[in-house]
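Structure first, then comments.
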Amino acid sequence: MIIVGDFQRKIADVKERIEERLLHPYMFQYINTPVLDEDKLLLLISILDQCKLSNKELENYSITTMLLQVALDTHELVTNTSVNNEVLKRRQLTVLAGVYYSGLYYKLLAECSDVQAIRMLAKAIKTINDKKIIVYQKDISEIDILMNNVKVIESSLINQFSDYFQLDGWPAIVENFLLIKRLSKEKENFIQTKSSIVFDALQTLVFPKHSGSLKELSLEQQNYLILICDRYIEFSKQLLEKAKKGLPRINELLDSRITSIINLKPMAKTFVEEG
């Protein structure tokens, strides 16, 4: 097992190489610098560290997968609201940026002739896109199905490797860790801006007769949606803690990060009454 100092350096090195490839000065004049999800990078390298790979193999898998994750995250930033010419240009460049990052991913995998990795990640992309369409179009009949789709969207890329290398115990770690993060982020977006993909779908399920936007919900309705979200977060924390105990080998960095996620306190459920 890698000691903490070596493991930190390994993550830092991979992160630096990814950021070098993401650098594109022209695009960054108009769109925000892409944000690399360091928790997903930590989870991915923690899994690959179990697989007896060479440093080069571990770096190739990590870099290509995270480039693909950035591409998927970048496309999520594209909106379809009416805009002026400047905003339209920014939107078009955001789309192109996602395509550019995807191209980097394919280029790197092609260079190392890793056909299996291409097939494996392509399968994950299809799964993620299928689930995103369902969530965005709100084509869902139950809250559990909505939450499971969100879980799949967040975890599929990384879990391809735990499945491929047959590493038991890791899928539950990845799924619940990332679901907690995503739901916490969606709840924060809802609280601050009344805008959230997940809460929008949740509203359709819980208040099917309500035809307005999230902003038009009553205080009681808003708090009820937050209560549902908090219940799923807390349940996922229980599952994550159980999964961590069942995993015999886990590095200290990930162990510490999981502990901080589990101990994360929810925001007050009565926030809207105070505003």
Side-chain angles (χ1 to χ4, degrees), residues 31-32 34-40 69-70 72-83 87 90-91 94 128-156 174-240 257 260-275:
I31 65 174
N32 294 330
V35 177
L36 182 65
D37 191 322
E38 296 189 18
D39 282 326
K40 288 185 178 179
Q69 183 66 62
V70 170
L72 292 169
D73 292 344
T74 300
H75 279 148
E76 281 203 14
L77 300 175
V78 180
T79 62
N80 60 1
T81 55
S82 59
V83 293
V87 177
R90 188 179 302 119
R91 177 188 294 171
T94 301
I128 291 169
N129 287 334
D130 287 345
K131 298 300 183 183
K132 280 184 177 180
I133 290 172
I134 292 173
V135 173
Y136 292 169
Q137 294 184 347
K138 295 177 280 190
D139 186 19
I140 303 167
S141 58
E142 298 177 12
I143 298 176
D144 281 349
I145 295 175
L146 168 63
M147 296 302 176
N148 185 67
N149 284 344
V150 175
K151 182 187 296 184
V152 171
I153 290 169
E154 291 299 308
S155 63
S156 284
V174 174
E175 290 170 0
N176 289 292
F177 184 105
L178 294 179
L179 181 61
I180 293 167
K181 274 198 64 178
R182 178 63 185 265
L183 291 183
S184 298
K185 180 181 177 182
E186 293 288 332
K187 185 175 76 168
E188 182 180 356
N189 289 341
F190 175 62
I191 290 173
Q192 294 182 352
T193 67
K194 298 298 182 293
S195 175
S196 161
I197 294 169
V198 172
F199 273 76
D200 197 30
L202 195 58
Q203 171 195 283
T204 301
L205 290 169
V206 179
F207 305 117
K209 295 181 180 180
H210 179 82
S211 58
S213 68
L214 289 172
K215 294 179 181 179
E216 297 172 3
L217 290 172
S218 69
L219 301 183
E220 183 180 2
Q221 288 172 325
Q222 291 179 43
N223 278 323
Y224 187 61
L225 293 184
I226 291 173
L227 176 62
I228 293 172
C229 182
D230 280 341
R231 285 176 175 171
Y232 276 90
I233 289 174
E234 292 306 311
F235 182 59
S236 294
K237 286 181 180 180
Q238 296 174 22
L239 295 178
L240 179 58
R257 186 69 183 107
S260 68
I261 286 286
I262 291 173
N263 293 333
L264 184 67
K265 300 299 181 183
M267 300 170 111
K269 298 181 180 65
T270 56
F271 80 99
V272 287
E273 297 173 356
E274 299 169 1

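All residue numbers in this chain count up from 1 along the given sequence. Just so it is clear, the structure is predicted and the values come from calculations on it, not from any experiment.
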* State, to 0.1 Å, how close Leu214 and Gln222 come at their nearest heavy-atom pair, and which atoms those are. => O-NE2, 4.3 Å

* Do Ile180 and Ser184 come close enough that some side-chain heavy atom pair is under 4.5 Å? -> yes

* Asked: Which heavy atom of Glu175 sits nearest a heavy atom of Ser155, and at what distance?
  -> CG-OG, 3.5 Å

* Asked: How about Lys132 and Ile197: do any of their side-chain heavy atoms sit closer than 4.5 Å?
  -> no

* Asked: About how many Å separate OH of Tyr232 and CG of Asp144, when rounded to the nearest 0.5 Å?
  -> 3.5 Å

* Asked: Of all residues at least two apart in sequence or in a different chain, which pass the side-chain hydrogen bond (donor to acceptor under 3.5 Å, both in side chains) check with Thr193?
  -> none

* With distance as the sole test, does Glu186 use its side chain to make a donor-acceptor pair with the main-chain N or O of Phe199 at under 3.5 Å? -> no

* For residues Gln203 and Gly212, report the shortest heavy-atom separation together with the two atoms involved. => NE2-O, 3.2 Å

* To do: Grab the two heavy atoms, one from Leu179 and one from Ser236, that are nearest each other, plus how far apart they are.
  => CD2-OG, 3.4 Å

* Asked: Can you name the residues that form a salt bridge (Lys or Arg N to Asp or Glu O under 4.0 Å) with Lys151, not counting sequence neighbours?
  -> none

* **Among Lys185, Arg182, Arg257, the one residue meeting salt bridge (charged side-chain N to carboxylate O under 4.0 Å, His left out) with Asp39** => Arg257

* **Closest approach of Leu146 to Val198 (non-hydrogen atoms, all atoms of both residues)** => CD2-O, 4.0 Å

* Run the salt-bridge test on Glu216 and Lys194 with the 4.0 Å N-O cut-off and return the result as yes or no. => no

* Between Glu234 and Arg231, is there a salt bridge with N-O shorter than 4.0 Å? -> no

* Residue list, side-chain contact (heavy atoms from CB on, under 4.5 Å) with Ile145, at least two apart or on another chain -> Ile140, Ser141, Glu142, Asn149

* Asked: Are more than 12 heavy atoms from other residues, nucleotides or ligands located less than 6.0 Å from atom OH of Tyr224?
  -> no

* To do: With rounding to the nearest 0.5 Å, note down the distance linking NZ in Lys181 to CD1 in Ile261.
  => 6.5 Å

* Mind checking the CG-CD1 spacing from Asp130 to Ile153? Nearest 0.5 Å is all I need. => 10.0 Å

* **Spatial distance of atom CD1 (Ile228) from atom CG (Leu183) [nearest 0.5 Å]** => 12.0 Å

* To do: Go through the steps for Ile133 and Asp139 under the test side chain to side chain contact (heavy atoms under 4.5 Å, CB included), then give the verdict.
  => CA-CA 8 Å; Ile133 290 172; Asp139 186 19; over 6 Å; no

* Asked: Atom CG in Leu225, atom CG in Asp230: separation rounded to 0.5 Å?
  -> 11.0 Å

* Gap separating the CD atom of Gln69 from the OG atom of Ser156, nearest 0.5 angstrom -> 10.0 Å

